[in-house]
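What follows is one structure encoded as structure tokens, with my remarks underneath.
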Amino acid sequence: MSPESTYGSPPSPRRALPQDPWWKTAVFYQIYPRSFQDSNGDGIGDIPGIISRLDEIAALGVTAVWLSPLYRSPDADNGYDICDYCDIDPRYGTLSDFDALVAAAEQRGIRIVMDLVINHTSDEHPWFQASRARIEPYTDYYIWRPADSNDKVPNNWTGFFTGSAWEWDNRRQEYYLHLFDVKQPDLNYHNPAVIAEIKQIMRFWLDRGVAGFRCDVISLLYKTSLDDGDGLAILRGLEHYKAQPGTHEILRELRRDVLDPYDAFTVGETVMVTLQEAKDLCDTERGELDLVFYFDHLEVDRLFARYGPKPFRAATLLHRLTTWQQGLEWNAVYLENHDQPRIVSHYGDDKQFWSRSAKLFAVLLLTLRGTPFIFQGQEIGMTNGDFSSLDDLDDVESRTMDTLMRRAMIPQKVRWWLIRTASRDNARTPYQWNGSALGAGFTTGEPWLGLNSNSVWLNHARQTTDPSSVLNFYRKMIRLRASSDTLSRGGFEPVHADDHVMAYRRTPVQEPTGDHQEAQDPAYTVWLNLSGKTRRLKEPWLTSTTAGTNNPTTGSDPVQPPICVASNTGRRTLDGILLPWEAVVIRSGQARPWTAGHDNARDSRGVPGIG
């Protein structure tokens, strides 16, 4: 069976609607520059390397690229500690290289979005060095406090990398706040001069042609007070800085004074926000962010963030997805990024059913409601790193977690198992361009982080020429999504879920009636078997999603098995059986969801409807 047959006959290309902002129908691709493509043999990816791979990016079908930080940085946290916001780190290239990247991307119809890290800077930033010395106007650019009456830290807050959120500075003879690493002091947003500096930074990059920003931990900017936090063991003090009114005021000011005049896009990384807090950040009427990244759907099998495993349930995943899919005006849809383990290793099966489960997550990502973000390597099914010890890791968070667990007397084998499965370095191993034993096409030198040994067979070059590869499956799913109003703009409703199987329906766009109304795209139902065993669909669920979709006859003619618009197994019809890690997309009828007593309902054509 040819790969094209997996997709049947896709709908004709969707209409471009003037009211759609460009980012709403875009497909984003995140690049972690140091791991993407090295051009000079120093083992670190760079901007000329990115330029050399733009054709591969364009061939995937993406229309925007988000770049993780390229700014000058001492590299305490892999570039998220910035010492110069208006220059490129020499390891990555020059400003001229960056300008060339923007121009080359534009020639291919690709927009560039920068990572904006403005909760904190590096402690080596000139602002911080001047603030330490009390040199104006920088004295109050950061959050400084003297020791309390007992010569102790100003409050009981704990940071994201564990331990106290305060560090003593001998030069200034005060403590400074750092919610993250000790080398990442938090900026003081009670100072209007800081906000003015951020506006200038944003204009600098917008003037160079970037289309917008991904905003790092943006929900933490404003610290309402420095009172002691509640008695949480982790992230004590969170209630004083998470999604505070002051942060909303700052975001509205940045939107009004900078983003709107440039028609710039923003997506914000949020931390532990509720649905309502997320809506307050990105609902259109709020005038703040366009989209937000949340984490609930990636913590189905976790007790806390990426640590503390618990059993996975497909029903829990669908419930969490539904909460956000239906709760937000529009979603930023993602399954991987530079901080998360590879999805095929996290929720999938990266051994026996590696290819099929990697394709299942392509179906999930590209059939959800919202703007999809693909992380580099996800499109070829890259897996977690094959690290053998803590010495193989570069991630500062992983080392900090090991220290914390060691103090808690957790055995070494358990510590390493937890870190190995959850480390951020799982997503940061160099891109596997080919099967070369020397650098896998990423570099001709020594890579900054160890390559995965499976690059011998799991690589871009091999998949490019394989019609049934994960890469080519992603390309086709992106094309299918772009061709369908329903998949790119339609609604979302859950259909069914249990411990292993889940299904949801994408409903057609409700266009206003009028003389020029065009034919409506059909509904689609997506079935996913998130397990290594064959599962049989119960008849009511099968009836509720397939009846009336493929037999436009009348009377008592039997309903034929529905044709699969997409499948990761190559099947043409759905017969009520889902193979291990199988994903199918089928056209659905335009009737109400199935309920008991309505299984014999018929639609206006006399075909059994979705009861």
Side-chain angles (χ1 to χ4, degrees), residues 14-31 57-58 60-68 105 109-116 210-216 218 255 259 263-270 273 275 278-279 281-284 286 288-298 320-338 340 343 361-376 378-379 474-475 477-492 504 506-507 509 521 524 526:
R14 63 179 299 278
R15 290 176 296 134
L17 298 180
Q19 67 267 29
D20 281 347
W22 68 265
W23 48 264
K24 195 169 185 179
T25 52
V27 176
F28 277 78
Y29 188 80
Q30 183 194 353
I31 291 179
I57 296 170
L60 182 61
V62 302
T63 53
V65 165
W66 151 29
L67 299 171
S68 288
I110 296 172
R111 291 177 169 90
I112 298 294
V113 168
M114 291 285 280
D115 216 316
L116 187 68
V210 305
F213 303 96
R214 176 265 185 185
C215 305
D216 188 63
I218 199 66
R255 168 65 64 188
L259 296 167
D263 192 24
F265 162 76
T266 53
V267 55
E269 178 193 34
T270 60
V273 294
L275 175 61
K279 287 175 64 64
L281 287 164
C282 68
D283 272 2
T284 302
R286 299 280 301 179
E288 298 182 24
L289 301 170
D290 292 312
L291 299 173
V292 297
F293 288 126
Y294 45 85
F295 297 93
D296 280 2
H297 64 302
L298 295 179
R320 294 191 181 185
L321 286 172
T322 300
T323 297
W324 294 93
Q325 288 276 292
Q326 296 185 336
L328 292 181
E329 290 179 359
W330 197 249
N331 280 251
V333 179
Y334 76 103
L335 297 174
E336 293 187 16
N337 63 28
H338 61 288
Q340 297 290 332
I343 193 65
F361 293 113
V363 172
L364 175 61
L365 177 76
L366 293 162
T367 59
L368 288 173
R369 180 178 184 270
T371 300
F373 288 74
I374 300 168
F375 180 63
Q376 65 179 50
Q378 182 179 349
E379 77 279 12
Y474 263 91
R475 289 170 174 168
M477 284 301 303
I478 290 171
R479 290 201 298 268
L480 176 64
R481 179 186 181 87
S483 72
S484 166
D485 266 354
T486 297
L487 293 179
S488 60
R489 298 171 53 238
F492 175 96
Y504 52 89
R506 295 300 311 281
T507 56
V509 179
D521 200 31
Y524 295 94
V526 181

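Numbering of residues begins at 1 and proceeds along the displayed sequence.
- For the pair R506 (side chain) and G490 (backbone), a donor-acceptor distance under 3.5 Å is present.
- A donor-acceptor pair shorter than 3.5 Å can be found between the side chains of T367 and Y504.
- With hydrogens and angles disregarded, a donor-acceptor distance shorter than 3.5 Å links the side chain of Q378 to the backbone of F375.
- The two residues A264 and D290 come nearest to each other via the heavy atoms O-OD2, 3.8 Å.
- With S484 contributing its side chain and R481 its backbone, the two residues share no donor-acceptor pair below 3.5 Å.
- D115 places none of its side-chain heavy atoms less than 4.5 Å from the side chain of L67.
- Side-chain contact between V65 and F28 is absent, with no heavy atoms from C-beta onward closer than 4.5 Å.
- Checked against side-chain contact (heavy atoms from CB on, under 4.5 Å), D296 has the following partners two or more places apart in sequence or in another chain: R320, W324.
- Taken to the nearest 0.5 Å, the CG atom of L60 stands 10.0 Å off from the CZ atom of R479.
- Considering CG of L366 and CG of L487, their distance stands at 9.5 Å, rounded to 0.5 Å.
- Under the side-chain contact (heavy atoms from CB on, under 4.5 Å) criterion, R111 pairs with W22, A64, A211, not counting sequence neighbours.
- In this structure, the side chains of I374 and L365 come closer than 4.5 Å at one or more pairs of heavy atoms.
- The salt bridge (Lys or Arg N to Asp or Glu O under 4.0 Å) analysis of residues 324-336, with sequence neighbours excluded, yields the pairs E336-R342.
- Distance OG1/T63 to CD1/I57: 12.0 Å, rounded to 0.5 Å.
- Residues V333 and G370 share a closest heavy-atom pair of CG2-CA, 3.9 Å.
- Contact annotation: the side chain of L116 never approaches that of R214 to less than 4.5 Å [non-hydrogen atoms, C-beta and beyond].
- With rounding to the nearest 0.5 Å, the separation of CD in Q376 from CD1 in I31 is 6.5 Å.
- In plain terms, the two heavy atoms of V509 and D485 that are nearest each other are CG2-O, 3.5 Å.
- Contact between Q30 and H338 at its shortest, heavy atoms only, is NE2-ND1, 2.9 Å.
- Checked against side-chain contact (heavy atoms from CB on, under 4.5 Å), K24 has the following partners two or more places apart in sequence or in another chain: D20, P21, W330.
- Here CG of N331 is found 3.5 Å from OH of Y294. Values are rounded to the nearest 0.5 Å.
- I478 and G61 make their closest contact through CG2-O, 3.7 Å (heavy atoms, listed as atom of the first residue, atom of the second, distance).
- Note that CG of L289 and CD1 of I218 are 6.5 Å apart. Values are rounded to the nearest 0.5 Å.
- Taking both residues in full, the closest heavy atoms of Y334 and H297 are given as O-NE2, 2.7 Å, listed atom of the first, atom of the second, then distance.
- A distance-only check finds a donor-acceptor pair linking the side chain of N337 to the backbone of Q340 [under 3.5 Å].
- Side-chain atoms of R255 and T266 include a donor-acceptor pair closer than 3.5 Å.
- When side chains are defined from C-beta on, L259 does not count as touching F265, because their heavy atoms never get closer than 4.5 Å.
- In this structure a side-chain-to-backbone donor-acceptor pair under 3.5 Å is present from K279 to G327.
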Practice item. Using the side chain to side chain contact (heavy atoms under 4.5 Å, CB included) rule, take T486 and T507 through it: C-alpha gap first, then chi angles, then the decisive distance, then the call. Key: CA-CA 6 Å; T486 297; T507 56; 5.8 Å; no
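- Every residue meeting the side-chain contact (heavy atoms from CB on, under 4.5 Å) condition with A332, not counting sequence neighbours, appears here in chain and number order: V267, L291, F293, F373.
- For E379, there are no salt bridge (charged side-chain N to carboxylate O under 4.0 Å, His left out) partners at least two apart in sequence or on another chain.
- For T371 (side chain) and W23 (main-chain N/O), a donor-acceptor pair under 3.5 Å exists by modelled atom type.
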